J.: 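One structure follows; several queries about it will come next.
When a residue number appears, it is its place in the shown sequence, counting from 1. Atoms within each ligand, like the ligands themselves, are counted from 1 in listed order. Excluded from the calculations below are hydrogen atoms, water molecules and symmetry mates; all remaining heavy atoms, backbone and side chain alike, are included. Here the structure is a predicted model, which means the values were calculated and not measured.
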Amino acid sequence: MEIVIQPDPELAGDLIAQEIVRLYRRKPTAVLGLATGSTPLPVYEALRRRHEAGEVSFAEGQAFILDEYVGLPEGHPESYRTVIRTELVDHVDFPRHALHAPEVEAEDLERAVLAYEWAIRDTGGVDLQLLGIGENGHIGFNEPGASLASRTRVGYLTPSTVAANARFFDDDESQVPRRCVTQGLATIMTAHHLVIIATGEKKARAVAQMIEGPVSQRWPASVLQHHTHVTVLLDEGAASQLELADYYREAYGSVPSWRII
Ligand code: GLP
């Protein structure tokens, strides 16, 4: 894992955006994996800006959403499809049909979930998967206890995730859907480059467990320790419980300037 500690979330977001721009210049058909939550928003803002400046085109690209609530109607402002459209897709030249999401309204949800897993495989794999992390160490909606070998499936939110996500639903936990579809941990692990962003002290414990703790279902993000190309972008708050923070800073300081992340 490469750990990159930045003074503020906007800088971290822009570094990821620069890496995505570089990816699309090298490979215009690249497949992106997109995460929601509030942490990746600076990445989408930087991408919109860089697209407007003519630095990048997504016209031949594809994107797969990481997870989605079950039970929100199409077009609901907090459905993850809507969030990704309003934060990114509607502002750049991604063809609308190139944004893939699990069919959470399908009558046969299990079948729809399998189809989503296969659709990801059929692309040959996600080139760059953007991830956030929950305070309890979840990635996507892979909550503590998720099998490290899990594939895309229907899941159920923990009370702590319901509480954390209530802020998107008028602070009313009863409005937060409990069921979800998420790419599994093993599905996420098939992406070529995993880029995870975490900001704020609330994430510090989960971040420390992910990077320096044992690999375990209790902290699902710790599975990333088994991937060969993971970049972790942190602000000082999220990095505050890392035992080896100074070493990570020094090591990133030594990378050649042509390499972004
Ligand atoms: C949600 C999403 C995750 C996200 C997490 C953290 O539960 N399913 O993909 O990483 O929240 O969100 P935030 O970045 O808002 O803290």
J.: Under a 3.5 Å threshold, I'd like every N/O contact between ligand 1 and protein atoms, with atom names and distance.
T.:
residue, atom, partner, partner atom, Å
ligand 1, 7 (O), His138, NE2, 3.0
ligand 1, 7 (O), Asn165, ND2, 3.2
ligand 1, 8 (N), Asp67, OD2, 2.7
ligand 1, 8 (N), Gly140, O, 3.2
ligand 1, 9 (O), Asp67, OD2, 3.4
ligand 1, 10 (O), Ile133, N, 3.4
ligand 1, 14 (O), Ser38, N, 3.3
ligand 1, 14 (O), Thr39, N, 3.0
ligand 1, 14 (O), Thr39, OG1, 2.4
ligand 1, 15 (O), Ser38, N, 2.7
ligand 1, 15 (O), Ser38, OG, 2.8
ligand 1, 15 (O), Arg167, NH2, 2.6
ligand 1, 16 (O), Lys203, NZ, 2.6

J.: Please identify each residue that fulfils ring pair (Phe, Tyr, Trp, His ring centres under 6.0 Å) with Tyr69, with sequence neighbours left out.
T.: Tyr80, Phe141, Phe169
J.: So, using ring pair (Phe, Tyr, Trp, His ring centres under 6.0 Å) as the criterion, who are the partners of Phe94 when residues are at least two apart?
T.: Phe58
J.: Closer than 4.0 angstrom, basic N to acidic O: yes or no for Glu52 and Arg48?
T.: no
J.: Taking atom CZ as the centre, does Arg218 end up with more than 12 heavy-atom neighbours from other residues, nucleotides or ligands that are less than 6.0 angstrom away?
T.: yes
J.: Report the hydrophobic cluster partners of Leu11, with the cluster defined as I, L, V, M, F, W, Y residues connected by side-chain heavy atoms closer than 4.5 angstrom, directly or transitively.
T.: none
J.: Is a side-chain donor or acceptor of His229 paired with a backbone partner of Leu194 at a separation under 3.5 angstrom?
T.: no
